[in-house]
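Beneath this line is the structure, given in structure tokens, with notes to follow.
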Amino acid sequence: MKKEIFINESFGETRIAIQEDGQLVEVYIEKQDNHRMVGNIYKGQVENVLPGMQAAFVNIGHDLNAFLPFSEILSNDYLIEDNDLDKSSKSKSQKIDNIEVDLKRDQEIFVQVIKEPFAGKGARVTTEIALPGRLLVLVPVANYIGISKKIWDKYERRRLKNIAKRLKEKGIGLIIRTVAEGKSENHIENDFNQLLQSWYSIEKKANSVNAPTLVYEDLETASSVVRDLLTPDVEKIIIDSKRLFKKTRKYLEDISPSLLERLELFKLKSPLFESFGIESEIDKLLKPKAWLKSGAYLIIEKTEAMVVVDVNSGRFVGKKLHEENSLKINLEAAREIARQLRLRDLSGLIVIDFIDMKLEKNQKKVYQEIRKELRKDRAKVAVAPITEFGLLEMTRQRIRLSLVDSMSEECPSCKGSGRIISKETLITRIEQWLRRHQASSRSLRLNLALHPKNARYLKVEKKHIIRGLMWQNFIHLKIEEDSNIALDEFKFLSRKSREDITNEIHLD
């Protein structure tokens, strides 16, 4: 599989795109004035402990306090009141209904951000600190050795475990990353020593400052993607920024000089993403409809509570029976849905409405297909079988903002609904306003300011409505065009003072 990483830096944001065999599979965006928080370590101060919510709120120096679920501190015995919890019970922490913790208001603790703040909610944090390196992850407050499940060879796993045992100090955990496969003990030891020095520096800084404060800032998005995703199967890293190119080159010189030949500075005048067809692909990701090669399509709608995906046959014209046609579309849709979830970075509860299939064996085929494709996803997922109503339910881990949230803002007119009131409803609201005005005021002459489109609609196509409103309310109206007024709004102005009197009359 041909894998390439493209990094584009502009004045507004840094964008990273990953292609596999020429197909876009992942996109990361970081705004220049809003750096990511995931991976940052804070010396925080406990603000509230809420046993009823099984969580605490920690002040980390931001506007919103961080959210610390009790399940995220199970690995820290010094914070757990019941120290008799064995390893098996800790691994099943999600099933524990009532965890008692030894946390008090104003207590200072180390926390690390695992989810970005979003929609008025603070960052989600954990007390299980993890420092990622190129080959290893150092877990200072734990005491275990973990090896990536993607390393299959049992002899290699044994070799890596023996190296980790020799390196690991008492009370410090280690996780061997996938890219460590085949690396020499010397390379792994160098990575371990760098991580250990970083942790000592964090402790030293934390001891010299008061909470709340940032004691460790993780790499910016571009550097972290290179650190985490630069595996031997990556053929090229193409960067259009000299700053990021030099930074990445220095990083590779330190940790993996053999990969330097894959690093390339993009020098053409045309934009990087446009040159490789990435820009148009990203534009499509902001739209709810995603077309499949067969002519079928997906409708992907993101709500606050969940993501809903609807599979439609569209222009697909099958030559077989309905059941076989449905299976063919659903299998193609399953592959594309897994890709779209990664691309759009959609998370939380996801409900997929596949085209109805009567045969249980076909439902299982679609279920197995989407599970197979989701194995490519770095985020944690859980998938349930298709229900009797043809729905598949799954969850996907949220770490960052979705692509739509990163690249767009809420519309001030529709407030995120995607729709505004019709012209007819707007006229009804104007009529209601005039009736209330007639009951409480003696003004006989008013100006009605509207968006130019609505103003022309009333003056040209609906003259009789304006006349009717004037006769009905015994008032003279003059229509004005104002491009600063939204399509679903109106303003009434005093004819003499030009004062806006709209809010003087309240509509229920």
Side-chain angles (χ1 to χ4, degrees), residues 10-13 29 31-34 62-64 117-122 283 285-289 299-305 308 401-508:
S10 65
F11 288 109
E13 58 194 13
I29 293 179
K31 299 184 189 311
Q32 299 291 20
D33 56 352
N34 186 24
H62 289 258
D63 293 337
L64 296 170
F118 175 66
K121 299 177 182 178
D283 290 341
L285 298 177
L286 297 178
K287 299 174 183 177
K289 183 179 287 189
I299 294 293
I300 304 171
E301 294 286 354
K302 178 181 176 295
T303 70
E304 186 171 349
V308 180
L401 297 180
S402 71
L403 195 69
V404 170
D405 291 318
S406 296
M407 293 185 64
S408 61
E409 298 176 353
E410 185 180 88
C411 169
S413 295
C414 72
K415 305 298 181 186
S417 71
R419 302 181 69 85
I420 58 173
I421 61 172
S422 65
K423 296 184 183 71
E424 292 75 16
T425 300
L426 182 66
I427 292 170
T428 299
R429 292 187 179 179
I430 290 171
E431 182 180 355
Q432 291 173 341
W433 190 96
L434 286 170
R435 287 191 176 188
R436 297 198 176 211
H437 174 268
Q438 184 189 42
S440 60
S441 177
R442 294 183 178 180
S443 300
L444 300 179
R445 294 174 178 273
L446 294 175
N447 288 6
L448 173 58
L450 296 162
H451 185 278
K453 187 176 180 180
N454 290 332
R456 289 191 290 270
Y457 174 74
L458 284 177
K459 287 192 290 187
V460 178
E461 298 182 38
K462 300 294 180 180
K463 287 181 180 179
H464 64 283
I465 289 180
I466 295 298
R467 287 197 295 268
L469 289 173
M470 288 193 290
W471 278 108
Q472 187 182 68
N473 297 285
F474 199 66
I475 194 170
H476 184 270
L477 293 176
K478 181 180 178 182
I479 308 295
E480 291 184 3
E481 295 183 11
D482 187 343
S483 58
N484 293 319
I485 296 177
L487 280 163
D488 58 348
E489 294 178 348
F490 62 86
K491 282 184 182 179
F492 277 102
L493 308 172
S494 168
R495 186 74 61 86
K496 289 183 179 179
S497 65
R498 298 290 300 169
E499 181 183 355
D500 182 0
I501 60 171
T502 313
N503 294 328
E504 293 178 9
I505 307 297
H506 299 284
L507 299 176
D508 292 335

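Position 1 is the first residue of the sequence, and the numbers go up from there. Nothing here was measured: the structure is a model prediction, and the numbers come from that model.
Within a 6.0 Å radius of NZ in Lys121, no more than 12 heavy atoms belonging to other residues, nucleotides or ligands are found. Heavy atoms of other residues, nucleotides or ligands lying less than 6.0 angstrom from CD of Glu424 number more than 12.
With sequence neighbours excluded, the residues satisfying side chain to side chain contact (heavy atoms under 4.5 Å, CB included) with Leu487 are Ile420, His451, Lys453, Asn454. For Glu431, the side chain to side chain contact (heavy atoms under 4.5 Å, CB included) test picks out Arg435, Leu469, Gln472, with sequence neighbours left out. In this structure, Asp488 has no side chain to side chain donor-acceptor pair (under 3.5 Å) partners at least two apart in sequence or on a different chain. Here Lys423 pairs with nothing under the salt bridge (Lys or Arg N to Asp or Glu O under 4.0 Å) rule; sequence neighbours left out. For Thr303, the side chain to side chain contact (heavy atoms under 4.5 Å, CB included) partners at least two apart in sequence or on another chain are Ala305, Met306. Remark: Ser406 engages no residue in a side chain to side chain donor-acceptor pair (under 3.5 Å) (not counting sequence neighbours). In this view, Lys287 satisfies the side chain to side chain contact (heavy atoms under 4.5 Å, CB included) rule with no residue, not counting sequence neighbours. For Thr425, the side chain to side chain donor-acceptor pair (under 3.5 Å) partners two or more places apart in sequence, or in a different chain, are Ser422. Residues forming a side chain to side chain donor-acceptor pair (under 3.5 Å) with Ser494 (at least two apart in sequence, or on another chain): Ser497.
Sorted by first and then second residue, the ring-ring contact (aromatic ring centres under 6.0 Å, His included) pairs with a member in residues 457-486 form an empty list; sequence neighbours excluded. Screening residues 490-503 for salt bridge (Lys or Arg N to Asp or Glu O under 4.0 Å), with sequence neighbours left out, gives Glu480-Arg498. Among residue pairs with one or both ends in residues 457-479, those qualifying as salt bridge (Lys or Arg N to Asp or Glu O under 4.0 Å) are Lys459-Glu481; sequence neighbours excluded.
Considering only heavy atoms from C-beta on, Lys302 comes within 4.5 Å of Asp405 through its side chain. For the pair Ile475 and His437, the minimum side-chain heavy-atom distance is below 4.5 Å. Side-chain contact between Ile421 and Thr428 is absent, with no heavy-atom pair separated by less than 4.5 Å.
The shortest non-hydrogen separation linking Val404 to Leu286 is CA-CD2, 4.2 Å.
Distance check: Ile501 CD1 to Leu493 CG gives 7.5 Å after rounding to the nearest 0.5 Å. Between atom CG of residue Leu477 and atom CZ of residue Arg445 there is a gap of 11.0 Å, rounded to the nearest 0.5 Å. Atom CZ of residue Arg436 and atom CG of residue Leu434 lie 12.0 Å apart, to the nearest 0.5 angstrom. Note that the CG atom of Asn484 and the CD atom of Glu489 stand 11.0 Å from one another [nearest 0.5 Å]. Atom CG in Asn447 sits 11.0 Å away from atom CG in Leu450 (nearest 0.5 Å). Distance check: Leu448 CG to Ile485 CD1 gives 8.0 Å after rounding to the nearest 0.5 Å.
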Between Ile427 and Leu458, does the side-chain contact (heavy atoms from CB on, under 4.5 Å) criterion hold? Intermediate values first, please.
CA-CA 9 Å; Ile427 292 170; Leu458 284 177; 3.8 Å; yes

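The aromatic rings of Phe492 and Phe490 sit perpendicular to each other, their planes meeting at more than 60°, with 30° as the lower class boundary.
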